[in-house]
Amino acid sequence: MSRKVVRASKFRHVFGQGVKADQCYDDIRISQMTWDSNFCSVNPKFVAMIVDASGGGAFLVLPLNKTGRIDMSQPTVCGHTGPVLDIEFCPHNDNIIASGSEDCSVMIWEIPEGGLVTPLNDPVVKLEGHSKRVGILSWHPTAHNVLMSAGCDNVVILWNVACGEAMVRIDSVHPDLIYSACWNRDGSQILTSCKDKTIRVLDPRKGTVIAEKEKTHEGSRPVKAVFVSEGKILSTGFSRMSERQVALWDPKSFGEPLTLQELDTSSGVLLPFFDPDTGIVYLCGKGDSSIRYFEVTDEAPYVHYLSMYSSKESQKGMGYMPKRGLEVNKCEIARFYKLHERKCEPIVMTVPRKSDLFQEDLYPDTMGPEPSVEANEWFEGKEGQPILISLKDGFATTTKSKEFKVHKSLLKTTSTAMGHQHGNTGEVHALQKEVKALKETVEELTKRVSKLESKN
């Protein structure tokens, strides 16, 4: 008689919990657009949500601590002339966010400290190059100011945001609508899924196909794909009988999937979020009221079901907090921002532990906000590995100095790209004044010391 042994995993008891009502963001008219993007982006400072807007497109950016009922007169970012389809915060500067819209443009916005006081109409940079609506945006994980956009014109464009230029245009690879596009961990490859049921791994600078797999999922509904650990690919899609599926692929031998699991018969597209630190992938279905999560490992069946967070209300979108924004002393391993019809609810994923001490096994060094290579260097062929940070002592100190540097350099380069030549003379004068004042203080102190020495 064989006994079934339960697989050992420290994430077996991970549980999800919605926060209390006063910690939600209420009275927000979330966008009614039927587009399969997240509709929400979040970082340790702000949460951004695409909202309904008359005459154009808008999204709301709120400081994380501005919970409760949001006033109807809350200012929005409203520079697009068509509905906004996707937004994403820059991983290297928490005040910079990109938006893609039905008006065929991509805009880069700078959110002031403390959030918006007046409506924001003028972007820092406007990127124009798509001939149809832009539905997918993704910042490069390690290169500074590199943004990927994919449009309904079946074109992927890589932008150097600092100078507002389209550096790479991949327009002959996808014969049909692009469903998803993302980077691998160091940004050396791009993964796309397409309406022709093919997923492709691309060389981002050359725009050539490294590997591709046709008919990953037989169904005609959208396929989403993300890179997971060790270069493997996880895809979500539908079978011919419209059952939702999750599959794991090895691009080195794309023939058969390492595993293919059928989940249910719901119609919502599954949005995958992968955490490289824990190896957990979270599947959030649009229109679902649940979040399933699986652990991806090296041993068969490779994708192991862990558990499911369920609630009463369905989700219209989902934001995923970067690791550096989590509360490590509460053993929080993920935080989602679930969009309802009229509110945004944070959902916390926790590993139950009795100790309040820092749990090193749950929090290996994770990707920090510092870029490892500049845009022009990356386009010339230089790779940049992620710069990792420890979460042991929190993260407050490292962000301040970093933001100042990135913030200024981004503004300086983008303003030149926009054609506003601002000289740095004022800044130079101010510094010269400071140096002069310091010199005078030093001289005064030296005189005092010499007087005291002569008395003694």
Does Asp288 use its side chain to pair, donor to acceptor, with the backbone of Ser290 at less than 3.5 Å?
no
Here's one to test your reading of the geometry: is the NZ or CZ of Lys286 within 45 degrees of the ring axis of Phe39 and under 6.0 Å from its centre?
yes
Classify the angle between the aromatic ring planes of His217 and Trp249 as parallel (below 30°), tilted (30 to 60°) or perpendicular (above 60°).
perpendicular
Inspect the contact between Lys338 and Glu313 and indicate whether a charged nitrogen and a carboxylate oxygen are less than 4.0 angstrom apart.
no
Under 3.5 Å donor-acceptor, Thr208 side chain and Asp203 backbone
no
salt_bridge(Asp122, Lys126) N-O dist < 4.0 Å
no
Under a 3.5 Å distance rule, please check whether Thr216 uses its side chain to pair with a backbone N or O of Thr198 as donor and acceptor.
no
Between Arg324 and Asp94, does at least one N-O distance fall below 4.0 Å, as a salt bridge requires?
yes
Is there a donor-acceptor pair closer than 3.5 Å between any side-chain N or O of His174 and the backbone N or O of Lys195?
no
Using side chain to side chain contact (heavy atoms under 4.5 Å, CB included), reason through Ile108 and Leu147 one step at a time and then give a plain yes or no.
CA-CA 10 Å; Ile108 312 296; Leu147 178 70; 3.8 Å; yes
Give the minimum heavy-atom separation between Val84 and Gly57, together with the two atoms involved.
CG2-C, 3.7 Å
For Tyr309 and Val14, run side chain to side chain contact (heavy atoms under 4.5 Å, CB included): C-alpha distance rounded to whole Å, both residues' side-chain angles, the deciding distance at 0.1 Å, then the answer.
CA-CA 10 Å; Tyr309 163 80; Val14 169; over 6 Å; no
Pairing donors with acceptors under 3.5 angstrom, does anything connect the side chains of Ser314 and Ser289?
no
Quick one: NE2 on His80 to CG on Leu85, what's the gap to the nearest 0.5 Å?
9.0 Å
Can we say Glu102 and Lys132 salt-bridge, meaning some charged N sits less than 4.0 Å from an Asp/Glu carboxylate O?
no
Testing the 3.5 Å rule here: is there a donor-acceptor pair between the side chains of His144 and Glu374?
yes
Would you say the side-chain atoms of Ser31 pair up with the backbone N or O of Ile50, donor to acceptor, closer than 3.5 Å?
no
Ignoring hydrogens, what is the shortest heavy-atom contact between Met33 and Pro83? Give both atom names and the distance.
SD-CB, 3.9 Å
Roughly how far apart are Ile210 CD1 and Ile190 CD1, rounded to 0.5 Å?
9.0 Å
Looking at Ser138, is its backbone amide N or carbonyl O close enough to the side chain of Trp183 to form a donor-acceptor pair, meaning the two atoms are under 3.5 Å apart?
yes
From OH (Tyr179) to CD1 (Ile199), nearest 0.5 Å:
14.0 Å
Report the distance from atom CD of Glu377 to atom NZ of Lys382, rounding to the nearest 0.5 Å.
4.5 Å
Does the pair Ile291 and Met349 meet the rule for a side chain to side chain contact (heavy atoms under 4.5 Å, CB included), with working shown?
CA-CA 10 Å; Ile291 302 172; Met349 298 286 178; 4.1 Å; yes
Within the structure provided, determine whether Leu191 and Asn184 are in side-chain contact (heavy-atom separation under 4.5 Å).
no
Heavy-atom side-chain proximity of Lys45 to Asn95 below 4.5 angstrom:
yes
Is the shortest side-chain N to carboxylate O distance from Asp264 to Arg244 below 4.0 Å?
yes
Apply salt bridge (charged side-chain N to carboxylate O under 4.0 Å, His left out) to residues Lys197 and Glu218 and explain how you reach the verdict.
CA-CA 7 Å; Lys197 301 181 187 177; Glu218 295 281 343; 5.3 Å; no
Roughly how far apart are Cys344 SG and Ile28 CD1, rounded to 0.5 Å?
6.0 Å
Kindly indicate whether the side chain of Arg12, heavy atoms from C-beta on, has any atom under 4.5 Å from the side chain of Glu295.
no
Worked verdict on Glu345 versus His340 for side chain to side chain donor-acceptor pair (under 3.5 Å)
CA-CA 8 Å; Glu345 175 193 20; His340 299 241; 2.9 Å; yes
If we ignore angles and hydrogens, is there a donor and acceptor under 3.5 Å between the side chains of His140 and Trp378?
yes
Does a side-chain N-to-carboxylate-O contact under 4.0 Å join Lys213 and Glu256?
no
Give the minimum heavy-atom separation between Lys330 and Thr350, together with the two atoms involved.
O-CG2, 3.2 Å
Heavy-atom pair of closest approach, residues Asp36 and Val269:
OD2-CG2, 3.5 Å
Is the ring pair Trp109/Phe59 parallel, tilted or perpendicular, if the boundaries are 30 and 60 degrees?
perpendicular
Answer whether the closest heavy-atom distance between the side chains of Pro322 and Pro91 falls below 4.5 Å.
no
Check the side chains of Asp186 and Thr142 for a donor-acceptor pair under 3.5 angstrom, ignoring hydrogens and angles.
no
Heavy-atom closest pair, residues Cys78 and Asn121
SG-OD1, 3.2 Å
If only atom types and distance count, is the side chain of Asp275 paired as donor or acceptor with the main-chain N or O of Gly279 below 3.5 Å?
no
When rounded to the nearest 0.5 Å, the distance separating CD of Glu243 from CG of Leu263 is 9.5 Å
Charged N to carboxylate O under 4.0 angstrom, Glu230 versus Lys232?
yes
Give a yes or no answer on whether the side chain of Arg221 reaches the backbone of Ser267 with a donor-acceptor pair at less than 3.5 Å.
yes
Is it true that a side-chain atom of Arg29 and a backbone atom of Ala53 form a donor plus acceptor pair closer than 3.5 Å?
no
Would you say Leu234 and Val246 make side-chain contact, with heavy atoms under 4.5 Å?
yes
Is it true that Tyr363 and Phe358 have ring centroids separated by less than 6.0 Å?
yes
Please evaluate residues Glu262 and Ser239 with respect to the criterion side chain to side chain contact (heavy atoms under 4.5 Å, CB included), reporting the C-alpha separation (whole Å), side-chain torsions for both, the decisive distance (0.1 Å), and the verdict.
CA-CA 8 Å; Glu262 286 180 351; Ser239 70; 4.0 Å; yes
With a 4.5 Å heavy-atom cut-off, do Lys323 and Asp277 have their side chains touching?
yes
For the student: nearest non-hydrogen atoms of Pro272 and Val281, plus distance:
CB-CG2, 4.3 Å
Can you confirm whether or not the ring centre of Phe273 sits under 6.0 Å from the ring centre of Phe336?
yes
Taking Arg353 first and then Asp361, would you say they form a salt bridge - that is, a charged N and a carboxylate O separated by under 4.0 Å?
yes
I want to know whether Phe274 and Phe227 have ring centres closer than 6.0 Å.
no
Glu88 and Ser99, any side-chain heavy atoms less than 4.5 Å apart
no
Do Ile97 and Ile111 have side chains that approach each other closer than 4.5 Å (heavy atoms only, starting at C-beta)?
yes
Show the atom names and distances, to 0.1 Å, of all donor-acceptor pairs under 3.5 Å that link a side chain in residues 159-173 to residues at least two apart or in another chain.
unit_1 : atom_1 : unit_2 : atom_2 : d
Trp159 : NE1    : Ser149 : OG     : 2.8
Asn160 : OD1    : Ala162 : N      : 3.1
Arg169 : NH1    : Gly129 : O      : 3.0

Side-chain donor or acceptor of Asn38 paired with backbone N/O of Gly317 under 3.5 Å:
no
Ser105-Glu128 side chain donor-acceptor pair, cut-off 3.5 Å:
no
